[in-house]
Amino acid sequence: MNLHHIRARRASGEAAAARAPTARDEVVYATGESALGKVLVARSPVGICAILMGDTEDELTADLAARFPNRVLVSSRSRTSDDLGKVLRFINKPSTGLDLQFDMRHGTAFQRKVWEVLRTIPCGATITYAALARRIGQPEAVRAVANACAANAIALGIPCHRVLRSDGTLSGYRWGVEWKRALIKKEAPS
DNA sequence: ATTGAAAGCCTGG
DNA sequence: CCAGGCTTTCAAT
């Protein structure tokens with residue numbers, strides 16, 4: 001295998017998907033304005049690795065930096081405009097879905113199990129923490145499941161806003177319960 | 001109906 | 001190893 005092959009595999013993202021993320025994997029990001037507030041979208045060579053919400057750009061980039069401490073962060077509107085567009089469109093009309101590839105390599109094995117199940121919850125539907133725990137085969141790990149939801153960096157893409165308490169009430173949300181309430185309302189079947 | 005405590009289990013420090 | 005969390009269940013006001 002020569003240098004060209006190596007370069008090609010790196011560029012394809014497939015090799016990157018197989019290995020653990022390294023400092024060589026740039027994280028490219030940009031922020032935008034949605035109807036509900038500011039949003040940040042970030043991608044690695046593998047896919048979208050973060051979708052964050054917040055009130056100010058500083059807050060958003062600080063959040064990103066905290067989640068990816070030893071990666072090179074690159075602000076680039078041009079390299080993220082497609083992604084950002086999709087996310088903003090999704091917020092306006094969630095029923096259209098979010099067609100993006102995700103990079104969930106950060107996250108423990110347990111967390112990824114939870115996130116995978118979460119991705120199967122369709123727009124307009126909700127699930128309970130207890131049911132989520134059952135689905136991953138660990139019915140007792142309810143509280144750990146909630147923590148896994150809280151650890152999710154890919155808001156909207158991994159729809160942890162569709163998780164409610166067993167009594168049907170709205171529970172916490174990393175980005176504030178107001179966002180959660182607004183998203184669920186927007187997704188509710190008319 | 002409310003409140004409190006304990007259980008159960010993954011994480012980060 | 002320990003403390004704590006986007007929970008849940010159960011017992012006691």
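Everything quoted here is computed from the prediction, not taken from an experiment. So you know, we letter chains A, B, ... as the sequences are listed, proteins then strands, and number each from 1.
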Response to the item:
Rounded to whole Å, CG of D167(A) lies from P of dC10(C) at a distance of 14 Å

Worksheet item: With a non-hydrogen cut-off below 4.0 angstrom, is Y129(A) in contact with a base, only sugar-phosphate, or nothing?
Response: base

Worksheet item: Looking at S166(A), does any N or O in its side chain come under 4.0 Å of the phosphate oxygens OP1/OP2 on dT8(C)?
Response: yes

Worksheet item: Picking from dC6(C), dG8(B), dT7(C), which would you name as closest to the side chain of A150(A)?
Response: dC6(C)

Discussion item. So that I can tick it off, tell me whether K86(A) and D82(A) are bridged by a salt bridge, with the cut-off set at under 4.0 angstrom between side-chain N and carboxylate O.
Written reply: no

Fill in: Rounded distance (Å) that lies between atom C1' of dC6(C) and atom CG of L183(A)
14 Å

Worksheet item: Please, what dot-bracket string fits DNA chain C when only Watson-Crick and G-U pairs with both distances under 3.5 Å count, crossing ones use [ ] and pairs to another strand use |?
Response: |||||.|||||||

Item to complete: Could you please name the option among dC6(C), dT7(C), dG8(B) that lies closest to any side-chain atom of E140(A)?
Response: dG8(B)

Item to complete: Measure the distance from CZ on R174(A) to P on dG5(C) and round it to the nearest whole Å.
Response: 14 Å

Worksheet entry | Side chain of A130(A) (C-beta onward), nearest among dC6(C), dG8(B), dT8(C) | dT8(C)

Discussion item. So, does T169(A) get its side chain near the phosphate of dT7(C), meaning an N or O under 4.0 Å from OP1 or OP2?
Written reply: no

Discussion item. Between the base of dC6(C) and the side chain of Y173(A), is one N or O donor paired with an acceptor at under 3.5 angstrom?
Written reply: no

Worksheet entry | Euclidean distance, atom CZ of residue R112(A) to atom P of dC10(B) [Å, nearest integer] | 15 Å

Worksheet item: Under a 4.0 Å N-O cut-off, is there an ion pair linking E59(A) with K38(A)?
Response: no

Worksheet entry | Separation of dC6(C) P from I127(A) CD1 (nearest whole Å) | 18 Å

Practice prompt. Would you kindly compare A131(A) and N147(A) by the position of their nearest DNA chain C nucleotide and give the one closer to the 5′ end?
Written response: N147(A)

Worksheet item: Under 4.0 Å between a side-chain N or O of Q138(A) and OP1 or OP2 of dG8(B)?
Response: no

Item to complete: In plain terms, say whether D103(A) and R105(A) are close enough for a salt bridge, that is, a side-chain N and a carboxylate O under 4.0 Å apart.
Response: yes

Item to complete: Would you mind telling me which of dT8(C), dG5(C), dC6(C) lies closest to the side-chain atoms of R143(A)?
Response: dG5(C)

Worksheet item: With the threshold set at 4.0 Å, does a side-chain nitrogen-carboxylate oxygen contact exist between K113(A) and E116(A)?
Response: no

